[in-house]
Student: 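Can you read through this structure? Questions will come right after.
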2 protein chains.
Amino acid sequence: MAPENRAPGKVGPARRRGLADEVADRVRAAIFDGTYPPGSRLRETELSSALEVSRGPVREALMCLEGEGLLRSGWHRGAVVVELSAEDVAEIDSLRGTLEQLAVRLAAERASGEDLDTLARAADRMRRAEDAHELVALDIAFHDAVYAATGHRRLQEAWHTIRSQVHLFLVSRIGVSVEGYLETVPGEHRDLVDALRTRDTDVALRLFADHRAHALHVLTGRDTD
Amino acid sequence: MAPENRAPGKVGPARRRGLADEVADRVRAAIFDGTYPPGSRLRETELSSALEVSRGPVREALMCLEGEGLLRSGWHRGAVVVELSAEDVAEIDSLRGTLEQLAVRLAAERASGEDLDTLARAADRMRRAEDAHELVALDIAFHDAVYAATGHRRLQEAWHTIRSQVHLFLVSRIGVSVEGYLETVPGEHRDLVDALRTRDTDVALRLFADHRAHALHVLTGRDTD
DNA sequence: GAACACTCTAATGTCAACATTCAGACATTG
DNA sequence: CAATGTCTGAATGTTGACATTAGAGTGTTC
């Protein structure tokens, strides 16, 4: 997903990925599409035989997913898909807000024209989303692009540690209450890009904050505290 | 280090740790004490024979340390101890500032009396530090306590992903320019606790920000931008 | 009947051997 | 002599077997 948006005319480094990454991707996707609902136990043995891979790469993949907050595990107790409580959602939201505040500030300040174009394309793609699942993925991808535009590697890494949890939350809520989400969200993102383009930090910060508050309100049916 | 500061009269859960955790602790300590200076290559084979453990746990430990930002690695290319550039230090500082802002706000708001006592003890311990290395460890431990007082698990996790890098930076700078660090830092931390105790968020935020800026100034010899 | 101790099993933790890959040295060629 | 091709050694990636453990189930005792 990340290597897709490389600038035309430049070639990215030809990385070769190991089995662990492959397994991580599959399991992550399986969690998002409901194959492993929250609370499921993920047994290394099962996965290793299902994916026809030995337990080594599976272990690594699970450890990686635990780092993304999708799994919880303990000594000799295996891994379980997280069940996001209301408190968890609040934690994710507050942390995300803090990170995004820095990200927006940096992006409004340093984003290159190329970065902004990438962002615009990402926002555009959302208008053509066919189903809610795809829209969620594009929503996340948009925010990925914002963080990428900051050029702040550690900030991106910090975002990566809650990214999947945000994704999981969104996916778990679509279908419950999508009223207004599908229609308004694509438009909102276009506004966000415009705000970054004018490089008006304060406006951008407020728009992003409103965007988060609105999404949280729509999806949880409650106001932020 | 974390289980140390548990409230008296309560016993923490008796967790059983695996070899991987043990290895991670040893290697981390070895990096901090200069056994593996920045740029060193950490070979799984070497570590596994040196620690008399198979490569499995070593792999896990290295992966864990990579998550803490102490190591960088690539496909079939092993792990290398990070060399913090000026840009890296700036990244760490800005991210830390953002996280700590949220942490201070939450701590000033929700910290229990017990939490504040723990913080006071942590600040007190710094006065009795015998050498710079110990002072650095206590400094980090103090900030651990601040994050712990927030009760925000994900915020603590985010801190953990840069905690070791901050530690590495501090250790790499003591001896270069410690003038004023050893003397002023313990006192500053006492002020930080007092600010949290009065629950005056704005004052606390400013004090913590000043504290970071001062430390960065002393250790790098440059002003913040 | 409830609490305790024991057993058993299925899962994770660990290990050592095998396969694959990368980086550098060396030879080759224009 | 520079650029390319090949080779080699040492490291990582992967595997399956073995050791250990948590937790459920069973039986016993008071």
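Chain letters run A, B, ... following the sequence lines, proteins first, then strands; residues in each count from 1.
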Student: Would you mind classifying the nucleic acid contact of B:Gly78 as base, sugar-phosphate or nothing, using non-hydrogen atoms under 4.0 angstrom?
Tutor: sugar-phosphate

Student: If you check every side-chain atom of B:Ser54, which of D:dG13, C:dC15, C:dC22 has the closest atom?
Tutor: C:dC15

Student: Assign B:Leu42 to base, sugar-phosphate, or nothing according to its heavy-atom contacts below 4.0 angstrom with the strands shown.
Tutor: sugar-phosphate

Student: I want to verify a distance call: between C:dC15, C:dT12, D:dT15, whose nearest atom is closest to the A:Leu19 side chain?
Tutor: D:dT15

Student: Start at the 5' end of DNA chain D and walk down; is the nucleotide closest to A:Arg77 or to A:Arg17 reached first?
Tutor: A:Arg17

Student: Which listed nucleotide (D:dT12, C:dT12, C:dC15) is nearest to the side chain of B:Val53?
Tutor: C:dC15

Student: Determine, using ring centers only, whether B:His167 and B:His133 are less than 6.0 Å apart.
Tutor: no

Student: Do we see a donor-acceptor contact under 3.5 Å between the side chains of A:Glu100 and A:His143?
Tutor: yes

Student: If only atom types and distance count, is the side chain of B:Glu22 paired as donor or acceptor with the main-chain N or O of B:Gly18 below 3.5 Å?
Tutor: no

Student: Answer yes if the side chains of B:Asp139 and B:His189 hold a donor-acceptor pair under 3.5 Å, and no otherwise.
Tutor: yes

Student: Taking the side chain of B:Pro57 as its heavy atoms from C-beta onward, which of C:dT12, C:dC15, D:dG13 lies nearest to it?
Tutor: C:dC15

Student: So, does B:Trp75 get its side chain near the phosphate of C:dC22, meaning an N or O under 4.0 Å from OP1 or OP2?
Tutor: yes

